[in-house]
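To start, the structure itself, in C-alpha cells.
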Amino acid sequence: QVQLAESGGGLVQVGDSLRLSCTASGSPFSKLGMAWFRQGPGKEREFVACISWNGGRENYLGSVQGRFTIFRDNAKNTAYLQMDKLTPEDTAAYYCAANTNPRAGPYFITTDRDAYDVWGQGTQVTVSS
C-alpha cells in the first residue's frame, strides 16, 4: 500500500521561494504518476502540477507556469515542487498525490483529480504580504 508524506511548507514573504517534498513508500516509486494539488481558504482543491513516471512530461496550472517546477528523484522515492516568486494567492494547503495505475505508462500525465488514488496529508504554505 502506497503512503505519501509531504514536507517543506511554511510561512514566507511575497517573492520568496519554498521547496515541497513528497516521499513515497510501499510501492515502486518509478511506476507512480505524481502530482501536486492545493486547497486555499474557502476554495476547492485545484491541480497545480504533475509529472510522469520517468519525469519526461510535466503539466502546470496556468497561474504557476514559469514560477513552479515539479521534478522527481526516483532513486530517493521523492517528488518535489519548487515554488519561486510566491504570492499571497499561492497560500493554501498543498497535497501530493499518486496515480498507481500500472497501465498508465512512463509518459502518462493527467490533471484529473479523480485519477489520483493516493494522497498525502498536506502541508501548509502561507505567503504573507
Side-chain angles (χ1 to χ4, degrees):
Q1 183 175 356
V2 179
Q3 292 185 314
L4 304 175
E6 303 105 329
S7 62
L11 173 63
V12 297
Q13 302 291 319
V14 170
D16 283 352
S17 297
L18 271 178
R19 178 177 293 182
L20 306 183
S21 300
C22 175
T23 301
S25 60
S27 181
F29 185 72
S30 61
K31 298 291 179 65
L32 300 179
M34 299 300 297
W36 290 93
F37 289 76
R38 68 185 181 186
Q39 188 166 13
K43 299 181 180 179
E44 291 193 359
R45 192 170 299 188
E46 66 175 353
F47 165 81
V48 175
C50 62
I51 190 167
S52 59
W53 288 3
N54 60 7
R57 295 188 67 200
E58 305 163 14
N59 197 4
Y60 295 92
L61 175 69
S63 62
V64 309
Q65 182 87 42
R67 299 189 298 121
F68 290 12
T69 303
I70 186 171
F71 60 102
R72 62 192 296 160
D73 185 338
N74 286 350
K76 295 183 178 180
N77 294 341
T78 301
Y80 303 91
L81 185 68
Q82 176 66 39
M83 305 185 294
D84 298 322
K85 300 178 183 179
L86 285 161
T87 74
E89 289 69 36
D90 296 317
T91 294
Y94 283 72
Y95 299 87
C96 73
N99 175 331
T100 66
N101 182 0
R103 294 184 294 275
Y107 296 101
F108 178 76
I109 55 173
T110 179
T111 65
D112 182 0
R113 185 174 64 182
D114 292 337
Y116 295 92
D117 51 324
V118 181
W119 293 79
Q121 80 286 353
T123 186
Q124 180 67 34
V125 172
T126 302
V127 185
S128 172
S129 57

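Residue indices begin at 1 and follow the sequence shown.
Judged by distance alone, the side chains of Arg72 and Asn74 do bring a donor and an acceptor atom under 3.5 Å apart. Side chains of Thr78 and Thr23: a donor-acceptor N/O pair is present below 3.5 angstrom, by distance only.
For the side-chain contact (heavy atoms from CB on, under 4.5 Å) test with Thr126, the passing option among Thr91, Asp90, Leu86 is Thr91; the others fail.
The minimum heavy-atom distance between Ala49 and Leu81, with the atom names listed, is CB-CD1, 4.1 Å. Among all heavy-atom pairs drawn from Pro106 and Asn54, the shortest one is O-OD1, 3.0 Å. Residues Val14 and Pro88 approach most closely at CG2-CD, 3.6 Å, considering heavy atoms. Annotation for Ala97 and Tyr116: closest pair CB-CB, 3.7 Å, computed over non-hydrogen atoms. Closest non-hydrogen pair, Gln82 versus Asp84, comes out as NE2-OD1, 2.9 Å.
Residue Ile51 holds its CD1 atom at 9.5 Å from CD1 of Ile109, rounded to the nearest 0.5 Å. Within the model, atoms CZ of Phe68 and CG of Leu18 stand 9.0 Å from one another, a figure rounded to the nearest 0.5 Å. Distance check: Asp16 CG to Thr87 OG1 gives 12.0 Å after rounding to the nearest 0.5 Å. The structure places CG of Leu4 at 10.0 Å from CH2 of Trp119, a figure rounded to the nearest 0.5 Å. In this structure, Arg67 CZ and Tyr60 OH are separated by 12.0 Å, a value rounded to the nearest 0.5 Å. We find the OG-CD distance between Ser52 and Glu58 to be 8.0 Å, quoted to the nearest 0.5 Å.
The side-chain heavy atoms of Leu61 and Glu46, taken from C-beta on, include a pair separated by under 4.5 Å. The shortest side-chain heavy-atom distance between Val48 and Val64 falls under the 4.5 Å cut-off. Between Tyr94 and Glu6 there is no side-chain heavy-atom pair separated by less than 4.5 Å. Residues Leu20 and Arg38 form no side-chain contact, since every pair of their non-hydrogen atoms from C-beta on lies 4.5 Å or further apart. Between Ser27 and Thr100 there is no side-chain heavy-atom pair separated by less than 4.5 Å. Two residues are said to be in side-chain contact when any heavy atoms from C-beta on lie closer than 4.5 Å; Leu11 and Gln124 fail this criterion. Within the 4.5 Å cutoff, side-chain heavy atoms of Asn99 are placed close to those of Phe108.
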Criterion side-chain contact (heavy atoms from CB on, under 4.5 Å) on Asp73 and Phe29, from CA distance to verdict
CA-CA 9 Å; Asp73 185 338; Phe29 185 72; over 6 Å; no

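Residues in residues 46-98 take part in these disulfide (SG to SG under 2.5 Å) pairs, two or more places apart or across chains: Cys22-Cys96.
Between Phe47 and Phe37, the angle of the ring planes goes over 60°, which puts this pair in the perpendicular group of the 30/60° scheme.
With hydrogens and angles ignored, the 3.5 Å screen pairs no side-chain donor or acceptor of Arg45 with any backbone N or O of Gln39. Checked by atom type and distance alone, the side chain of Trp53 pairs as donor or acceptor with a backbone atom of Lys31 at under 3.5 Å.
Taking Ile, Leu, Val, Met, Phe, Trp and Tyr as members and joining any whose side-chain heavy atoms lie under 4.5 Å apart, directly or through other members, the hydrophobic cluster of Tyr80 also contains Phe71.
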